Number of protein chains: 2
Amino acid sequence: MRRSEIRDHLLDTALRLFNQHGYHATGIDLIIAEAGVAKTTLYRHFETKEDLILAALERRDEEDRSAMRAFVEQHASDPVERLLATFDFLEASVRDKQFRGCIFVSAAGEHKDTVNPVFRAAVMHKRLAIAYFEELAHAARFAEPKRIAAEINLLHEGAMAVAQMTRIAEPARQAKRMAGQLLAAEERVPSARGGDAGQRTQAS
Amino acid sequence: MRRSEIRDHLLDTALRLFNQHGYHATGIDLIIAEAGVAKTTLYRHFETKEDLILAALERRDEEDRSAMRAFVEQHASDPVERLLATFDFLEASVRDKQFRGCIFVSAAGEHKDTVNPVFRAAVMHKRLAIAYFEELAHAARFAEPKRIAAEINLLHEGAMAVAQMTRIAEPARQAKRMAGQLLAAEERVPSARGGDAGQRTQAS
DNA sequence: GAAGAAGTATACCGATCTGTATCGTTTGGC
DNA sequence: GCCAAACGATACAGATCGGTATACTTCTTC
């Protein structure tokens, strides 16, 4: 294993264990044992356990968001359908046998102080996710893209929280149906050139 | 302090600390220090830390659900408005300065194994909460009370998850608006004696 | 008021925690 | 092919973890 790969391998292992057992319940000794790496090596790459957590969250944040973007852009072209397609991505994530709830929600739940760097990293991820929803809502020409984005995000969070307990994918589909119904009743501003000029057009 | 009060005081203290720091991060030594009680005393009331957690969750479960029932019954009489009033109760909970997310979601997030008693206790609480929503949805004569209850629950979970991060009460109000809009479009079965016989009546 | 249960205080147990130190081996870059 | 950096292995430090043991005191109850 090349040197630069070790860091990635450590992050992968740590993320898997954090997801499986949580952050406090996952000890450094377990991480290095599962990664097949000496303790010295881990601490050469990450100063503290918190640094490891932060690096892992940062990595997962980028992976998750780019994966959602790719999925959505591939599965739908209409902006409204893209908003709804985010729930299909969510469903796929939840269907993973390893799904045990959103790791960012768990991270915030185990580091509840708002000034804690781990908490802040989790908040940052959610902010960026909402920003993407807002981008889609803006492209769909909804009159209030910020509010739409917050609503989509709330449904995502709800679906993940329910799925964390039930361990089934249905909440994701249910959230999608709810989103579809809500979006269908939303005001949209007219397109720049032509398009529908009506004030209450159907969303899907 | 009377003997029987010690157990309650320990549960109060433990719940406060679990809410503030999480379950793994809250040590037995901190709990007894905050409660002003000897370690022997704690272990006379609870065999293990897990037993303490389970007792604390059980207590909070009953408190929460009866508090919600009382709040809802006092603030609304119409069944549909009662479903919406659950979000007012949620908003009040979230407004609490000590709010750091749903302690049952956190409990499940720190004890992710589905066979873990703590996880199961958290699931049980959510099941009972949904049962109450279903009871209200049934009273409101919605055609599919089970689905309605699941949707209300999903919105509750979403609002709490978002509020856990943002530490503001707005998500609860937003969830209420979403619920109101969704319920307004729902089919309802005619009342037994008289009442509206229409198939798509207004919910609120 | 005696008896027994339950309280306090403290010391202790073994395990585990994060993090460091030591030292010999491997490896990549010039 | 040399050298320095990074690796593995291990031992260890100091703190904290959940939980127990002991000895003394306080309260409740009959």
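Atoms considered below: every heavy atom in the structure, side chains included; atoms not considered: hydrogens, waters and symmetry mates. Values in this document were obtained by computation on a predicted structure and should not be read as measured data. Letters A, B, ... are given to chains in the order of the sequence lines, protein chains preceding strands, and every chain is numbered from 1.
Of the residues in residues 16-27 of chain A, those placing a heavy atom less than 4.0 Å from an atom of DNA chain C are Thr26(A), Gly27(A), in numerical order. Using a 4.0 Å cutoff on non-hydrogen atoms, the parts of residues 40-48 of chain A near DNA chain C are Thr40(A), Tyr43(A), Thr48(A), ordered by number.
In this structure, CD1 of Ile28(B) is placed 13 Å from C1' of dT16(D), rounded to the nearest angstrom. Put simply, NZ on Lys49(B) is 15 Å from P on dT20(D), counting in whole angstrom units. With rounding to whole Å, Leu52(A) atom CG is found 10 Å from dT18(C) atom P. Rounded to an integer number of Å, the gap from Glu5(B) CD to dG7(C) C1' is 14 Å. Taking atom CD1 of Ile32(B) as the reference point, atom P of dT20(D) lies 14 Å away to the nearest angstrom.
Considering only residues two or more places apart in sequence or on other chains, Glu50(A) meets the side-chain hydrogen bond (donor to acceptor under 3.5 Å, both in side chains) condition with none of them. Here Arg16(A) pairs with Glu34(A) under the side-chain hydrogen bond (donor to acceptor under 3.5 Å, both in side chains) rule; sequence neighbours left out. By the side-chain hydrogen bond (donor to acceptor under 3.5 Å, both in side chains) test, His111(A) is found to be paired with no residue, residues two or more places apart in sequence or in another chain being considered. The side-chain hydrogen bond (donor to acceptor under 3.5 Å, both in side chains) search around His75(B) returns none, not counting sequence neighbours.
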Enumerate the protein-to-nucleotides 11-15 of chain C contacts in which both atoms are nitrogen or oxygen and the separation is below 3.5 Å.
none

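Side chain of Ile6(A), nearest nucleotide from dG19(D), dC7(D), dA9(C): dC7(D).
Sorted by first then second residue, the salt bridge (Lys or Arg N to Asp or Glu O under 4.0 Å) pairs that include residues 105-121 of chain B, not counting sequence neighbours, number zero. For residues 151-162 of chain B, the set of pairs meeting the salt bridge (Lys or Arg N to Asp or Glu O under 4.0 Å) definition, not counting sequence neighbours, comprises Lys126(B)-Glu157(B), Arg147(B)-Glu151(B).
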Less than 3.5 Å apart, which donor and acceptor atoms pair up between the side chains of residues 84-91 of chain B and the rest of the protein, not counting sequence neighbours?
| residue | atom | partner | partner atom | Å |
| --- | --- | --- | --- | --- |
| Thr86(B) | OG1 | Leu83(B) | O | 2.6 |
| Thr86(B) | OG1 | His156(B) | NE2 | 3.0 |
| Asp88(B) | OD1 | Lys176(B) | NZ | 3.0 |
| Asp88(B) | OD2 | Lys176(B) | NZ | 3.1 |
| Glu91(B) | OE2 | Arg95(B) | NE | 3.2 |
| Glu91(B) | OE2 | Arg95(B) | NH2 | 2.9 |
| Glu91(B) | OE2 | Arg173(B) | NH1 | 2.9 |

Distance-only donor-acceptor hits, side chain of residues 128-137 of chain A, under 3.5 Å, sequence neighbours excluded:
| residue | atom | partner | partner atom | Å |
| --- | --- | --- | --- | --- |
| Glu134(A) | OE2 | Lys146(A) | NZ | 3.2 |
| Glu135(A) | OE1 | Arg69(A) | NH2 | 2.7 |
| Glu135(A) | OE2 | Arg69(A) | NH2 | 2.7 |

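Each end of the helix from dG1(C)-dC30(D) to dC30(C)-dG1(D) gets its own axis, taken as the rotation carrying the C1' atoms of four end pairs onto the next four within a five-pair window, and the two axes meet at 30° to the nearest 10 degrees.
The heavy-atom pair separating Ile148(B) from Phe142(B) by the smallest distance is CG1-CB, 3.9 Å.
Residues Arg100(A) and Gln164(A) are not in side-chain contact: their nearest non-hydrogen atoms beyond the backbone lie 4.5 Å or more apart.
With respect to the salt-bridge test (charged N to carboxylate O, under 4.0 angstrom), the residues Asp61(A) and Arg65(A) qualify.
Considering CZ of Arg127(A) and OG1 of Thr166(B), their distance stands at 10.0 Å, rounded to 0.5 Å. Between the CG atom of Asn19(A) and the CD atom of Gln98(A) there is a distance of 7.0 Å, given to the nearest 0.5 Å.
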